[in-house]
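Here the structure comes first, spelled out in structure tokens, and everything after it is commentary.
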Amino acid sequence: LVLSYTTFITRLLLSFRMRILLTGSAGMIGMHTGQLLLERGDEVVGIDNFNDYYDIKLKEARNKELEKFDNFTLYRADIADTKKLISIIQKHKIDMICNLAAQAGVRYSIIKPFSYEHSNNAGFLSILEAAKACDIKHIVYASSSSVYGGNTKIPWSETDSTDNPINVYAATKKYNELLAKVYHNLYGMKLTGLRFFTVYGRYNRPDMAAWLFADAWKRCGGDNRQF
């Protein structure tokens, strides 16, 4: 699943060699996307704040995979710092932005809503403002299937209403989509939002169901009858 998602992202980022700003590069999807971009010869500038939502060792391990490439540069920074973003974009003469940075987790958003306001809302606005200041014309960004909220129509479609979010995380992603539309209308930016469903793969987050099930099975001694 990770490969199909990340392959699609890299195709959106065109096929010729580019200088790409990749936010959330130490995340699971970010790492896999970075690997594909680096393997095809792009220069990738990663940004990640390495927050402690889960064990930072996992993020460091992902980052080591990217640091195997000479065409990768990492900045440990907060995407809500617009001045820092602008300086990085200008220094590396960035062509496009792939914004995968976000505070993830649906349940956690109910407990720590301000973390989502900062990373997902202020952070995305900062990305847009930096892109505007540096004349970046195309941004690929992560939205979420969570925006469908209380929609009861199955299967979901990009044209379905997303006006009934049921958690803070979903609301921040809906805000991202609305803000992207505003910047497209005002400044002619091309913004491509991807409504990710649950994504599994190597270096997955430890709060994902597959990891939790495997951990529970391990704690039961690997005995399917007990599990």
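Taking the ring axis of Phe124 as reference, the NZ or CZ atom of Lys173 does not stay both within 45° of it and closer than 6.0 Å to the ring centre.
A pairwise comparison of heavy atoms in His92 and Arg19 identifies O-CD, 3.0 Å as the closest pair. Of all non-hydrogen atoms in Gly24 and Ala101, the two that sit nearest each other are N-CB, 3.5 Å. Annotation for Gly34 and Leu66: closest pair C-CD2, 3.8 Å, computed over non-hydrogen atoms. The heavy-atom pair separating Tyr148 from Arg195 by the smallest distance is OH-NH1, 3.1 Å. Of all heavy-atom pairs spanning Asp95 and Ile136, the tightest one is O-CG2, 3.9 Å. The two residues Ala104 and Tyr116 have their closest heavy-atom pair at O-OH, 2.6 Å.
Residues Phe69 and Leu37 are members of one and the same hydrophobic cluster, defined by side-chain heavy-atom contacts under 4.5 angstrom among Ile, Leu, Val, Met, Phe, Trp and Tyr. Criterion: ILVMFWY side-chain heavy atoms under 4.5 Å apart, direct or through other members. Under it, Leu186 and Ile97 are part of a common hydrophobic cluster. The hydrophobic clustering, which links ILVMFWY residues whose side-chain heavy atoms are closer than 4.5 Å, places Ile166 and Ile111 apart.
If you take NZ on Lys190 and NZ on Lys137, they are separated by 13.0 Å, rounding to the nearest 0.5 Å. A distance of 4.5 Å separates OG of Ser126 from CG of Leu85, quoted to the nearest 0.5 Å. Here Leu38 contributes atom CG and Ile20 contributes atom CD1; the two are 9.0 Å apart, rounded to the nearest 0.5 Å. If you take NZ on Lys91 and OG1 on Thr73, they are separated by 8.0 Å, rounding to the nearest 0.5 Å. Once rounded to the nearest 0.5 Å, the distance linking CG of Asn63 with CG of Leu58 reads 11.5 Å. From Leu125, atom CG reaches atom CG of Asn120 across 12.5 Å, with rounding to the nearest 0.5 Å.
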For this session: Before giving the answer on side chain to side chain donor-acceptor pair (under 3.5 Å), spell out for Thr23 and Asn99 the whole-Å C-alpha distance, their side-chain angles and the decisive distance to 0.1 Å.
Result: CA-CA 5 Å; Thr23 72; Asn99 181 44; 2.5 Å; yes

For this session: Evaluate side chain to side chain contact (heavy atoms under 4.5 Å, CB included) for Lys174 paired with Asp163, printing each intermediate quantity in order.
Result: CA-CA 8 Å; Lys174 170 69 172 180; Asp163 294 334; 3.3 Å; yes

For this session: Please assess Asn176 against Ser143 for the test side chain to side chain contact (heavy atoms under 4.5 Å, CB included), listing each intermediate value before the final yes or no.
Result: CA-CA 7 Å; Asn176 287 179; Ser143 183; 5.8 Å; no

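The pair Arg40-Asp42 meets the salt-bridge criterion, since a charged nitrogen lies less than 4.0 angstrom from a carboxylate oxygen. Note on Glu60 versus Arg76: salt bridge recorded, some NZ/NE/NH1/NH2 to OD/OE distance being below 4.0 Å.
Of the candidates Asn49, Asp48, Asn51, Asn51 is the only one forming a side chain to side chain donor-acceptor pair (under 3.5 Å) with Lys59.
Of the possible donor and acceptor atoms, one in the side chain of Asp160 sits under 3.5 Å from a partner among the backbone N and O of Ser157.
Looking only at atom types and distance, the side chain of Thr82 has no donor-acceptor partner in the side chain of Glu129 under 3.5 Å away. Residues Tyr169 and Gln103 bring no donor and acceptor atom of their side chains to less than 3.5 Å of each other.
Between Ile127 and Ile139, the closest side-chain pair of non-hydrogen atoms falls below 4.5 Å.
Applying the side-chain hydrogen bond (donor to acceptor under 3.5 Å, both in side chains) criterion to Ser25, with sequence neighbours excluded, gives no partner residue.
Around atom CG of Asp70, no more than 12 heavy atoms belonging to other residues, nucleotides or ligands sit under 6.0 Å away.
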